[in-house]
Amino acid sequence: MSTPTAVITGITGQDGSYLADFLLDKGYRVVGMVRRSSTENFERIEHLRGKLEICQADLLDQLSLINLLRQVRPREVYNLASQSFVPTSWEQPVLTGEFTALGVTRMLEAVRLVDREIRFYQASSSEMFGKAQEVPQTERTPLYPRSPYGVAKVYGHWITVNYRESYGIFACSGILFNHESPRRGKEFVTRKVTDGVARIKRGLARELSLGNLEARRDWGYAGDYVEAMWLMLQQPRPDDYVIATGETHAVRELCEIAFARAGLNWQEHVVVDPKLVRPAEVDLLQGDASKAKRVLGWQPRVSFRQLIEMMVDADLERVGAWRPPLGNEKLQTDN
Ligand code: NAP
Ligand code: F7E
């Protein structure tokens, strides 16, 4: 059989890098799509240099997407690129809609025009459940997004379903709950906390400012979740799947575990900053991945505690040896 080819949009992001690791291990030819930038932003895929092909295209530019697929002729397209940080979606709601919502249509149009046999994965999100209408959330739970990001993801989800039903394209929507790793962006709460713990432990900071400590999320490990993306595209029929651990934890518990791992008491360091509380919050997410377990044979492997401890350990190593403490400053991260 010939080598399968996959295009990954968002290759420089957390999930793009884990999916590239996974597909290369399976023997795929992997082509990562990057947007043009004045400086390279390849830290997460540095270890894959020479193994990956990189092509420039942008979710805002229809022609670049068509040309990318014409040139590469992939069997699978994983659409992971988006403006993915929820608070930024209130600051830049129109741009978020362009990337995260209309960008999906542009990718699907490129698939429709170039090769309708391409198998397409859309990175949908538990943020679509927002003000959750039931607990736990399944593929049938009504959607009630609570941010411009969540609204844009609802559009991306339904346009994926629509291209499947309108044109018979093998298009799947993976409704993934929060998933984290040492490669997570530092503005997201898990990494903000584990990076903060490492900086406090090494004497580089004394405080960590956070917003809502009572918000609850179903947090899993990104390395486990990219396998589910691939499994969806290997099935006889396209469908939509919830991917989650089934457990929910509060931000407060995340702090307890992360600070304890470094021998610290979180209550001595965490301060609540009302500016970090969101205009509309998603209070409780807890997914039910029964369908994915039954149909795909997928299982999460890393527990919440293992995940947070893995992230603290990686940040402690990255921040490095103890250095003299600075003045009574706060962490720089304001998100
Ligand atoms: P991430 O780390 O923020 O990565 C986002 C990627 O999108 C980056 O590679 C970014 O490129 C790229 N991108 C943004 N705008 C683009 C544009 N106009 N053209 C081309 N590329 C563009 O996100 P992630 O955590 O890996 O998440 C992957 C996807 O899953 C996203 O769609 C996210 O919304 C969704 N999702 C994530 C989670 C989660 O918990 N991680 C859960 C559910 C769904 P630059 O490096 O150039 O910025
Ligand atoms: O917030 C609370 C915050 O920014 C989680 C994205 O990958 O997952 C992610 O979206 C919770 C929220 O992730 C801070 O209010 C408290 O309730 O880590 P987060 P998110 O908004 O859930 C979904 C599934 C996606 O699809 C998104 O792309 O933590 N929180 N204090 C804080 N959050 C942040 N960022 N910073 C704080 O200081």
Side-chain angles (χ1 to χ4, degrees), residues 8-19 32-37 39-45 56-61 64-65 68 78-89 95-96 98-100 102-104 106-107 121-130 145-147 149-150 152-153 156-157 173-181 183-193 196 208-222 225-226 229 243-244 250-252 254-255 270-273 275-278 280-285 287 331 333-335:
I8 303 177
T9 77
I11 190 83
T12 55
Q14 171 189 258
D15 289 8
S17 69
Y18 278 100
L19 182 62
M33 182 187 109
V34 299
R35 53 180 165 168
R36 196 263 158 191
S37 153
T39 50
E40 259 187 19
N41 173 21
F42 291 0
E43 302 97 73
R44 293 186 179 104
I45 49 171
Q56 272 189 16
D58 199 302
L59 287 181
L60 297 181
D61 189 75
S64 69
L65 302 175
L68 171 73
Y78 295 87
N79 185 37
L80 309 186
S82 82
Q83 191 303 95
S84 76
F85 190 48
V86 171
T88 298
S89 77
L95 191 65
T96 299
E98 287 286 351
F99 289 5
T100 305
L102 282 177
V104 187
R106 293 191 192 96
M107 276 312 304
Y121 172 85
Q122 169 55 20
S124 292
S125 166
S126 53
E127 283 294 298
M128 302 192 305
F129 297 122
R146 293 272 279 172
S147 64
Y149 170 81
K153 282 289 180 187
H157 169 74
S173 173
I175 306 172
L176 272 52
F177 282 61
N178 299 52
H179 46 280
E180 321 291 313
S181 73
R183 298 185 204 164
R184 185 58 143 155
K186 283 189 198 163
E187 70 270 54
F188 299 96
V189 75
T190 53
R191 186 72 200 288
K192 183 173 173 183
V193 169
L208 175 63
S209 299
L210 294 175
N212 179 7
L213 301 182
E214 306 311 327
R216 301 185 74 87
R217 289 289 183 280
D218 180 330
W219 278 294
Y221 172 53
Y225 284 37
V226 297
M229 299 175 185
I243 301 298
V251 173
R252 181 186 296 275
L254 155 67
C255 293
V270 170
V271 290
V272 171
D273 179 349
K275 288 202 296 297
L276 297 173
V277 175
R278 298 178 180 184
E281 179 62 286
V282 172
D283 295 317
L284 165 64
L285 290 176
L331 282 183
T333 33
D334 264 345
N335 293 308

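If you read the sequence from its start, that first residue is 1, and numbering goes on from there. Atoms within each ligand, like the ligands themselves, are counted from 1 in listed order.
- Near Y149, meaning under 4.0 Å from one of its heavy atoms, ligand 2 places the atoms 25 (C), 26 (O), 27 (C), 28 (O).
- Counting heavy atoms under 4.0 Å from ligand 1, residue K153 touches it through the side chain alone.
- Here the NE2-OG distance, from H157 to S125, works out to 11.5 Å after rounding to the nearest 0.5 Å.
- Partners of F42 by ring pair (Phe, Tyr, Trp, His ring centres under 6.0 Å), not counting sequence neighbours: none found.
- Note: Y121 and Y78 have tilted aromatic rings, judged against thresholds of 30 and 60 degrees for the angle between ring planes.
- In terms of polar-atom proximity, N178 is not counted as a contact of ligand 1, lacking any N or O under 3.5 Å from an N or O of the ligand.
- Short contacts between ligand 2 and S125, defined as distances under 4.0 Å to a heavy atom of the residue, involve ligand atoms 23 (C), 24 (C), 25 (C), 26 (O).
- Checking only distances, G211 does come within under 3.5 Å of ligand 2, N or O to N or O.
- Electrostatic pairing of R217 and E281 counts as a salt bridge here, judged by a charged N lying under 4.0 Å from a carboxylate O.
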Notebook entry, point to check: Step by step, would you call V226 with H179 a side chain to side chain contact (heavy atoms under 4.5 Å, CB included)?
Noted result: CA-CA 10 Å; V226 297; H179 46 280; over 6 Å; no

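- Under the 4.5 Å side-chain criterion, counting only non-hydrogen atoms from C-beta, E127 is in contact with S147.
- Heavy-atom minimum distance, G211 versus V272: O-CG1, 3.7 Å.
- With L65, D218, T12 as candidates, the residue nearest to atom 9 (O) of ligand 1 on a non-hydrogen basis is T12.
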Next item on the list: Could you check D15 against M229 for side chain to side chain contact (heavy atoms under 4.5 Å, CB included), going step by step and ending with a plain yes or no?
Entry: CA-CA 10 Å; D15 289 8; M229 299 175 185; 3.6 Å; yes

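- Shortest contact from atom 30 (O) of ligand 1 to any protein heavy atom: A123 CB, 3.4 Å.
- Where the criterion is an N or O separation shorter than 3.5 Å, residue side chain and backbone included, S126 fails it with respect to ligand 2.
- Considering backbone and side-chain atoms alike, V189 places an N or O below 3.5 Å from some N or O of ligand 2.
- Judged as a side-chain contact (heavy atoms from CB on, under 4.5 Å), and not counting sequence neighbours, the contacts of E98 are L60, L102, R106.
- When only non-hydrogen protein atoms are considered, atom 19 (N) of ligand 1 lies nearest to L59 N, 3.2 Å.
- Heavy-atom proximity to atom 24 (P) of ligand 1, evaluated over I8, D58, D15, D61, is greatest for D15.
- Look at M33 and you'll find a heavy atom under 4.0 Å from some atom of ligand 1.
- Atom 41 (N) of ligand 1 has as its closest protein heavy atom R184 NH1, 3.1 Å.
- If you number the atoms of ligand 2 from 1 as listed, the ones under 4.0 Å from a heavy atom of V86 come out as 10 (O), 21 (O).
- Residue V189 forms a side-chain contact (heavy atoms from CB on, under 4.5 Å) with just one option from L213, L276, V251, and that option is V251.
- For the atom pair CZ (R183) and CD (E43), the distance works out to 12.0 Å, reported to the nearest 0.5 Å.
- At the shortest separation from atom 3 (O) of ligand 1 among protein heavy atoms lies S84 OG, 2.7 Å.
- Contact annotation for S124 and ligand 1: only backbone heavy atoms (N, CA, C, O) come within less than 4.0 Å of the ligand.
- For the residues E187, E214, R278, the heavy atom positioned nearest atom 19 (P) of ligand 2 is part of R278.
- Around atom 13 (N) of ligand 1, the closest heavy atom drawn from G10, G32, A81, S37 belongs to A81.
- Near S84, meaning under 4.0 Å from any of its heavy atoms, are these atoms of ligand 2: 6 (C), 27 (C), 28 (O).
- Residue contacts with ligand 1: G13 is placed with a nitrogen or oxygen under 3.5 Å of a nitrogen or oxygen of the ligand (distance criterion only).
- Not a single N or O atom of W219, backbone or side chain, sits closer than 3.5 Å to an N or O atom of ligand 2.
- A distance of 9.0 Å separates NZ in K153 from OG in S173, rounded to the nearest 0.5 Å.
- Where the criterion is an N or O separation shorter than 3.5 Å, residue side chain and backbone included, R217 meets it with respect to ligand 2.
- Among protein heavy atoms, atom 5 (C) of ligand 1 sits closest to S82 O, 3.7 Å.
- The distance from atom CE of M33 to atom OG of S64, rounded to the nearest 0.5 Å, is 6.5 Å.
- Between L80 and ligand 1, a contact under 3.5 Å exists for at least one N or O pair.
- Distance check, rounded to the nearest 0.5 Å: CG of N178 to CG of D218 gives 7.5 Å.
- The line from CG of N79 to CD of Q122 is 5.0 Å long, rounded to the nearest 0.5 Å.
- Distance from atom 48 (O) of ligand 1 to its nearest protein heavy atom, with residue and atom name: R35 NH2, 2.7 Å.
- For atom 37 (C) of ligand 1, the nearest protein heavy atom (residue, atom name, distance) is H179 CE1, 3.9 Å.
- Ligand 1 has no N or O atom lying under 3.5 Å from any N or O atom of S126, backbone or side chain.
- At a heavy-atom distance under 4.0 Å, only side-chain atoms of N41, from C-beta outward, approach ligand 1.
- Proximity of a side-chain donor or acceptor of D58 to a complementary backbone N or O of D61 within less than 3.5 Å is not detected.
- Here is the list of ligand 2 atoms found below 4.0 Å of a heavy atom in F85: 4 (O), 35 (N).
- By the criterion of a heavy-atom distance under 4.0 Å, neither the backbone nor the side chain of Q14 is placed next to ligand 2.
- With a heavy-atom cut-off of 4.0 Å, Y149 touches ligand 1 through its side chain alone.
- Using a 4.0 Å cutoff on heavy atoms, K186 does not count as a contact of ligand 2.
- Here the closest non-hydrogen pair linking R191 and G185 is CB-O, 3.4 Å.
- Nearest protein heavy-atom contact of atom 43 (C) of ligand 1 is L176 O, 3.2 Å.
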Check: Which is it for E214 and R252 under the side chain to side chain contact (heavy atoms under 4.5 Å, CB included) test, yes or no, and what are the steps along the way?
Finding: CA-CA 6 Å; E214 306 311 327; R252 181 186 296 275; 2.3 Å; yes

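- Listed by atom number, the atoms of ligand 2 under 4.0 Å from A215 heavy atoms are 17 (O).
- In K153, neither the side chain nor the backbone holds a heavy atom less than 4.0 Å from any atom of ligand 2.
- With a 4.0 Å heavy-atom cut-off, ligand 2 is reached by the side chain of V251 but not by its N, CA, C or O.
- Annotation: side chain of T100 is not in contact with side chain of S89 (no heavy-atom distance under 4.5 Å).
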